[in-house]
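See below for the structure under consideration.
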Amino acid sequence: MAKHIIRIPDRLRGRELRTIEWDDEAGTVSGDHSEIDDIRRVFAAPKPVTVGQGAVWDLRDPAHDPAEFLVLIEQAFWPALDPPLRETLPAVFDGVALPAPEFDGETHQEPPARAA
């Protein structure tokens, strides 16, 4: 793939748009977003690495896997996966769904649809 530029609000900097530059080939991240150091720690941690609170994910290759990197974007700024911000993410995330989280050790399942 290549380098991908992600611009999402930064909670620690007044919700200003800040940049996360992800190189999925090299497995590196740079930019001016306050979450850069946390993302680097996740990349460097022994795998699988568990991220999240309440809803958790066991990530095996977030430095290279778009779905797993999407979890890190969700952790950096949770509304980033909702419209209209979702539409601003790079094409590498087109059609990529957030992996199912676990809650209390059980994989999350969507509730059954309600009858009308």
Side-chain angles (χ1 to χ4, degrees):
M1 296 260 187
K3 291 183 180 181
H4 311 285
I5 306 296
I6 300 138
R7 292 192 41 85
I8 57 174
D10 191 322
R11 287 186 194 102
L12 298 181
R13 296 187 175 137
R15 296 189 183 260
E16 291 180 24
L17 285 180
R18 297 291 179 151
T19 300
I20 298 171
E21 184 174 320
W22 174 46
D23 185 327
D24 63 358
E25 287 180 7
T28 60
V29 67
S30 60
D32 63 357
H33 199 281
S34 66
E35 293 290 326
I36 294 295
D37 288 338
D38 287 337
I39 294 170
R40 287 179 179 149
R41 280 191 282 281
V42 170
F43 284 5
K47 304 303 182 282
V49 59
T50 301
V51 300
Q53 294 179 1
V56 297
W57 291 264
D58 290 328
L59 305 180
R60 290 171 178 21
D61 192 14
H64 301 98
D65 181 327
E68 290 192 356
F69 193 81
L70 202 57
V71 170
L72 300 180
I73 293 171
E74 190 271 345
Q75 295 292 294
F77 192 74
W78 68 265
L81 303 186
D82 294 337
L85 289 177
R86 175 67 191 233
E87 287 76 23
T88 68
L89 294 177
V92 68
F93 300 112
D94 289 353
V96 175
L98 193 67
E102 290 186 4
F103 296 90
D104 298 324
E106 295 183 14
T107 302
H108 172 67
Q109 300 295 322
E110 291 298 321
R114 293 183 183 207

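Just so you know, these numbers come straight off a predicted model, no measurement behind them.
The structure places CH2 of Trp57 at 5.0 Å from CD of Gln75, a figure rounded to the nearest 0.5 Å. In this structure, CZ on Arg18 lies 13.0 Å from CD on Glu35, to the nearest 0.5 angstrom. Rounding to the nearest 0.5 Å gives a distance of 4.0 Å between CD1 of Ile20 and CD1 of Ile39. How far NZ of Lys3 is from OG1 of Thr28: 6.5 Å, rounded to the nearest 0.5 Å. Note: Asp94 CG to Arg86 CZ = 8.0 Å, rounded to the nearest 0.5 Å. Atom-to-atom distance recorded for Arg11:CZ and His33:NE2 is 8.0 Å, nearest 0.5 angstrom.
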Start with the C-alpha distance between Phe77 and Arg15, add both sets of side-chain angles, then the distance that settles side chain to side chain contact (heavy atoms under 4.5 Å, CB included), and finish with yes or no.
CA-CA 9 Å; Phe77 192 74; Arg15 296 189 183 260; 3.0 Å; yes

Using the rule given for side chain to side chain contact (heavy atoms under 4.5 Å, CB included), can you reason through Asp38 versus Leu72, listing the C-alpha separation, both sets of side-chain angles and the distance that settles it, and then say yes or no?
CA-CA 9 Å; Asp38 287 337; Leu72 300 180; over 6 Å; no

Under the criterion side chain to side chain contact (heavy atoms under 4.5 Å, CB included), I'd like the reasoning laid out for Asp10 against Glu16: C-alpha separation, chi angles, the key distance, then a yes or no.
CA-CA 6 Å; Asp10 191 322; Glu16 291 180 24; 5.7 Å; no

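Relative ring orientation between Phe93 and Phe69 is described as parallel, the plane-to-plane angle staying below 30° on a 0-90° scale split at 30° and 60°.
In this structure, Pro48 and Arg60 approach most closely via the heavy-atom pair CB-NH1, 3.1 Å. For Ala55 against Pro101, the heavy-atom pair with the smallest separation is CB-CB, 3.8 Å. Pairing each heavy atom of Val49 with each of Ala45, the nearest pair is CG2-CB, 3.8 Å.
Within the 4.5 Å cutoff, no side-chain heavy atoms of Pro62 are placed close to those of Val71. Ile8 has its side chain out of reach of Thr88: every pair of non-hydrogen atoms, C-beta onward, lies at least 4.5 Å apart. Using a 4.5 Å heavy-atom threshold, the side chains of Pro9 and Leu17 count as touching. Asp61 has its side chain within reach of Glu68: a pair of non-hydrogen atoms, C-beta onward, lies under 4.5 Å apart.
Asp58 pairs by the side-chain hydrogen bond (donor to acceptor under 3.5 Å, both in side chains) definition with Thr50, not counting sequence neighbours.
No side-chain donor-acceptor contact under 3.5 Å links Glu21 to the backbone of Ser30. Remark: the backbone N or O of His64 is not paired with any side-chain donor or acceptor of Asp24 at under 3.5 angstrom. Formation of a donor-acceptor pair under 3.5 Å by the Trp22 side chain with backbone atoms of Ala63 is found in this model. For the pair Arg40 (side chain) and Val29 (backbone), a donor-acceptor distance under 3.5 Å is present.
At a threshold of 4.5 Å between side-chain heavy atoms, the hydrophobic network of Ile, Leu, Val, Met, Phe, Trp and Tyr places Val96 and Leu85 in one connected group. No chain of hydrophobic side-chain contacts below 4.5 Å, direct or via other Ile, Leu, Val, Met, Phe, Trp or Tyr residues, connects Ile5 to Ile73.
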